[in-house]
Amino acid sequence: MARGPGMGDGIAHGGDLDAARRLFPQALEPWLDLSTGINPVPYPCPVLDASAFRGLPSAADLGALRAAAADAYGVADPDRIVAAPGTQILIETLPRLVTRARVAVVGPTYAEHAAAWARAGHAVVTVPGLGAARDTDVVVVVNPNNPDGRTWEAGTLRALANDLAGRGGLLVVDEAFADLEPIETLGASLGPGLVVLRSFGKTYGLAGIRLGFALGEPGLAAALAEALGPWAVSGPALAIGRAALSDAPWRREAAIARAADAARLDRMILRAGGTPIGGTCLFRTADFPDAPGLFDRLGAAGIYVRRFAGTPARLRFGLPPDKAAWCRLSRILR
């Protein structure tokens with residue numbers, strides 16, 4: 001799959017409909033993009049005052065966003081919150097702030113983590129589990145994991161963070177898909193040796209806003225913020241982010257609704273002969289006897305899903321946004 005603008009070479013991502021059109025030039029339009037894990041029912045954006053677009057973002061507006069994020073993520077002190085124009089820039093920036101180290105990425109997982117640490121000059125290995133990462137300086141875990149949905153107990157991760165901190169190391173926990181999941185997150189457990197990443201766009205269905213967060217000790221948070229520079233987050237993103245993060249009832253309702261959608265998608269996958277292997281309430285991953293053939297049939301019908309070069313039997317499906325989209329997918333998964 002081709003990379004989109006600004007993406008590193010050689011790593012495939014979902015959401016690239018230009019690549020989909022090159023693969024399937026005769027496909028039915030409009031495309032139904034199920035190749036990402038973005039909430040298909042977005043948060044209703046508030047109407048913004050024109051000043052959010054005209055002026056530079058203010059320190060007060062940034063402070064209000066950080067306070068809302070701290071409350072949403074269970075962080076006691078907003079000084080432990082760094083707001084950024086998407087989590088990807090944090091994945092790129094953090095390795096540049098760490099002295100050259102031995103890094104273990106628990107995988108297979110989101111490939112940009114290993115790539116970013118390698119680009120910054122670190123020695124990177126991919127390991128199958130936490131037990132294989134004990135002799136490294138930095139450990140990266142995606143919890144819940146993308147694409148298989150594996151999770152790790154918070155107590156296990158806290159113990160690992162304490163162990164790494166005791167020898168000057170670091171645990172990076174990417175909780176990009178945690179907002180709507182029934183798992184214990186680590187925002188309330190921040191201490192030396194732990195950095196947590198949180199995505200905004202996936203949960204709220206607003207990936208184009210470009211907003212993400214790092215949670216960590218105040219010193220590391222300040223270093224990250226300095227590396228990002230002034231006005232890193234746009235005025236509209238500050239306003240929309242503050243409104244959405246402050247809306248706990250919307251999050252609760254979204255978690256219930258998307259979990260029901262995920263269960264429905266699993267039933268469709270089973271009916272089509274697939275074997276669900278996991279995922280989150282925003283995406284489902286499954287193995288199929290003829291995954292390449294199914295990928296082609298879906299593509300010819302204008303439905304784009306995520307495939308994996310290293311695991312050709314595997315496909316990942318995002319959630320359809322409405323009844324028409326569910327019916328369109330059902331006509332292929334039967």
Mark yes or no for whether [X], through its side chain, and [Y], through its backbone, hold a donor-acceptor pair below 3.5 Å.
X	Y	answer
Glu181	Cys281	yes
Arg284	Thr280	yes
Arg264	Ala259	no
Glu175	Pro144	no
Asp137	Arg102	yes
Arg242	Ala239	no
Arg100	Gly121	yes
Thr311	Ala313	no
Asp290	Gly293	yes
Ser330	Trp326	no

Which pair of heavy atoms, one from [X] and one from [Y], lies closest together, and at what distance?
X	Y	answer
Ala286	Pro276	CB-CA, 3.8 Å
Gly201	Ile38	O-CG2, 3.8 Å
Ala176	Thr203	O-OG1, 4.4 Å
Pro85	Val233	N-CG2, 4.1 Å
Ile183	Ala178	CD1-CB, 4.1 Å
Ser246	Ala68	OG-CB, 3.7 Å

Would you say [Y] and [X] are linked by a side-chain donor-acceptor pair, where the criterion is simply a distance under 3.5 Å?
X	Y	value
Thr151	Asn143	no
Tyr43	Asp247	yes
Arg306	Thr36	no

Is it true that [X] and [Y] fall in one hydrophobic cluster, defined by side-chain heavy atoms closer than 4.5 Å?
X	Y	result
Leu319	Leu34	yes
Leu23	Phe308	no
Ile277	Tyr110	no
Leu160	Val195	no
Leu97	Val139	no

Starting at [atom1] of [X], measure out to [atom2] of [Y] and round the result to the nearest 0.5 Å.
X	Y	atom1	atom2	answer
Ile256	Asp261	CD1	CG	12.0 Å
Ser199	Leu90	OG	CG	10.5 Å
Leu298	Arg328	CG	CZ	10.5 Å
Arg316	Ser35	CZ	OG	7.0 Å
Ile209	Ile240	CD1	CD1	3.5 Å
Leu180	Tyr204	CG	OH	8.0 Å

Worksheet entry | Met268 and Leu329: CA distance, side-chain angles, deciding distance, side-chain contact (heavy atoms from CB on, under 4.5 Å) verdict | CA-CA 9 Å; Met268 292 176 67; Leu329 178 61; 3.9 Å; yes
So, do [X] and [Y] sit near enough that their side-chain heavy atoms are less than 4.5 Å apart?
X	Y	value
Val106	Trp152	yes
Asp79	Arg66	yes
Asp266	Phe317	no
Tyr73	Asp179	yes
Pro95	His122	yes
Ser234	Arg210	no
Leu315	Val305	yes
Phe24	Trp31	yes

Practice prompt. Carefully, step by step, assess Val173 and Leu194 under the rule side-chain contact (heavy atoms from CB on, under 4.5 Å).
Written response: CA-CA 8 Å; Val173 182; Leu194 176 62; 3.9 Å; yes
Discussion item. Could you go through Phe213 and Phe200, starting from their C-alpha distance and side-chain angles, then the distance that decides it, and tell me whether this counts as ring pair (Phe, Tyr, Trp, His ring centres under 6.0 Å)?
Written reply: CA-CA 8 Å; Phe213 300 90; Phe200 177 85; 7.2 Å; no
Worksheet item: Could you walk me through whether Arg22 and Asp18 pass the salt bridge (Lys or Arg N to Asp or Glu O under 4.0 Å) check?
Response: CA-CA 6 Å; Arg22 287 193 295 270; Asp18 291 337; 5.4 Å; no
Discussion item. The test is salt bridge (Lys or Arg N to Asp or Glu O under 4.0 Å); show your working for Arg158 and Glu153 and say whether it passes.
Written reply: CA-CA 9 Å; Arg158 283 193 290 264; Glu153 293 289 337; over 6 Å; no
Worksheet item: Counting heavy atoms not belonging to Asp322, are there more than 12 under 6.0 Å from its CG?
Response: yes
Worksheet entry | Over 12 non-hydrogen atoms of neighbours within 6.0 angstrom of CD in Glu29 |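 It does: Glu29 CD has more than 12 such atoms within range.
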Fill in: Candidates Val103, Leu197, Leu94, Val141 - the one meeting side chain to side chain contact (heavy atoms under 4.5 Å, CB included) with His113
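Testing each of Val103, Leu197, Leu94, Val141 against His113, the sole residue satisfying side chain to side chain contact (heavy atoms under 4.5 Å, CB included) is Leu197.
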Worksheet item: Going through the checks in order, is the side-chain contact (heavy atoms from CB on, under 4.5 Å) test met by Lys202 and Asn39?
Response: CA-CA 6 Å; Lys202 295 178 179 65; Asn39 191 339; over 6 Å; no
Practice prompt. List the steps and the verdict of ring pair (Phe, Tyr, Trp, His ring centres under 6.0 Å) for Phe283 and Phe177.
Written response: CA-CA 10 Å; Phe283 66 84; Phe177 289 99; 5.0 Å; yes
Practice prompt. Starting from the C-alpha separation in whole Å, work towards a yes-or-no answer on side chain to side chain donor-acceptor pair (under 3.5 Å) for Asn145 and Thr109.
Written response: CA-CA 6 Å; Asn145 191 46; Thr109 191; 2.5 Å; yes
Practice prompt. Let me see the working for His13 and Glu112 under side-chain contact (heavy atoms from CB on, under 4.5 Å), right down to the final yes or no.
Written response: CA-CA 10 Å; His13 287 270; Glu112 292 288 354; 2.7 Å; yes
